[in-house]
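Counting convention: from 1, in listed order, for ligands and their atoms alike. All values derive from a computational prediction rather than experimental measurement. Just so you know, these numbers use all the heavy atoms, side chains as well, and skip hydrogens, waters and symmetry mates.
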Amino acid sequence: MRQPFVAGNWKMNGSRASVCELVEGLIQGIDSVTNAAVAVCPSFVYLADVQRMLSDTRIALGAQNLSDREPGAFTGEIAGAMLKDFDCKYVIVGHSERRALYGESDELVARKFTVALENGLTPIFCLGELLQERQQNQTESVIARQLDVILTLPGGVEGLRGAVIAYEPVWAIGTGMSASPAQAQEVHAFIRQRIAKKDAKVAAGVQILYGGSVKPDNAAELFSQADIDGGLIGGASLDAQSFLDICRATSA
Ligand code: PGA
């Protein structure tokens, strides 16, 4: 049985005060979340504050990005070891905003994935198709290409034992237009089957999250799909009550 998992991706949002207020709200309500593992991914500059606040709770900490390099002369970059230093358990890798706005290639994403694992971090590996690719019936080929970059790493499919996958159709991110439960399930099943061709055990165990306009009112139906193991939540994770509602929807 895969444990449901819900992670909040706060992106470049909040102030020090609002982030602390959000964490307070989560701490107050987390006992009502009975079966899901929960993590939040604040901006780098707030990691220390959030780490301190979460230290005695069951909410895990994650980062939104990491460098593909080991520590050294790389101005403006953040190393995996630094994230470990702040008790990060997770790190988001290959988010579509990084791919589209900061030019991250499949190869760079793969290096970041490897560096995350080497540093004892669990990568939340994001993949997803553009609207145009879906309209041209290219969803499966795009997902296959993005996934194969990870499956063909030297560590191969084994790397996915220590990872989480997030399917995030780009057209659904921040648009209010979520994939339907059936659309999402279809791609999740495709991802799991493709991994199973390499290793059925890894495929059965890996958590595959859905991301893209998940809200309290659509979460339960999405999470009830056979291959959807939780969510990566952007906008709706910035409000403690709506994020907790989404976390609780894993047991609906
Ligand atoms: P959204 O973002 O929930 O605001 O659509 C999801 C994500 O980008 O991870």
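With salt bridges taken as basic N to acidic carboxylate O contacts below 4.0 Å, one links Asp106 and Arg99. The pair Arg2-Asp229 meets the salt-bridge criterion, since a charged nitrogen lies less than 4.0 angstrom from a carboxylate oxygen.
Listed by number with element, the atoms of ligand 1 under 4.0 angstrom from any heavy atom of His95 are 7 (C), 8 (O), 9 (O). Proximity to Gly174 (heavy-atom distance under 4.0 Å) selects the following atoms of ligand 1: 1 (P), 4 (O), 5 (O). Shown in contact with Ile173 at under 4.0 Å from a heavy atom are these atoms of ligand 1, numbered in order with element: 2 (O), 5 (O), 8 (O). Per-residue contacts place Lys11 under 4.0 angstrom from the following atoms of ligand 1 (heavy atoms of the residue considered): 2 (O), 7 (C), 8 (O). Set against the non-hydrogen atoms of Glu168, the atoms of ligand 1 under 4.0 Å away are 6 (C), 7 (C), 8 (O), 9 (O). Under a 4.0 Å criterion applied to the non-hydrogen atoms of Gly212, ligand 1 contributes the atoms 5 (O). Shown in contact with Asn9 at under 4.0 Å from a heavy atom are these atoms of ligand 1, numbered in order with element: 9 (O).
Formation of a donor-acceptor pair under 3.5 Å by the Arg248 side chain with backbone atoms of Val33 is not found in this model.
Ala172 counts as a contact of ligand 1, since one of its heavy atoms falls under 4.0 Å from the ligand. Using a 4.0 Å cutoff on heavy atoms, Gly211 does not count as a contact of ligand 1. Residue Ser213 places a heavy atom less than 4.0 Å from ligand 1.
Asn65 pairs in a side chain to side chain contact (heavy atoms under 4.5 Å, CB included) with only one of the listed residues (Glu97, Glu104, His95, Glu77), which is Glu104.
Taking the six-membered ring for Trp and thresholds of 30 and 60 degrees, Phe125 and Phe113 have ring planes more than 60 degrees apart, a perpendicular arrangement.
The single protein non-hydrogen atom nearest to atom 4 (O) of ligand 1 is Gly235 N, 2.8 Å, given as residue, atom name and distance.
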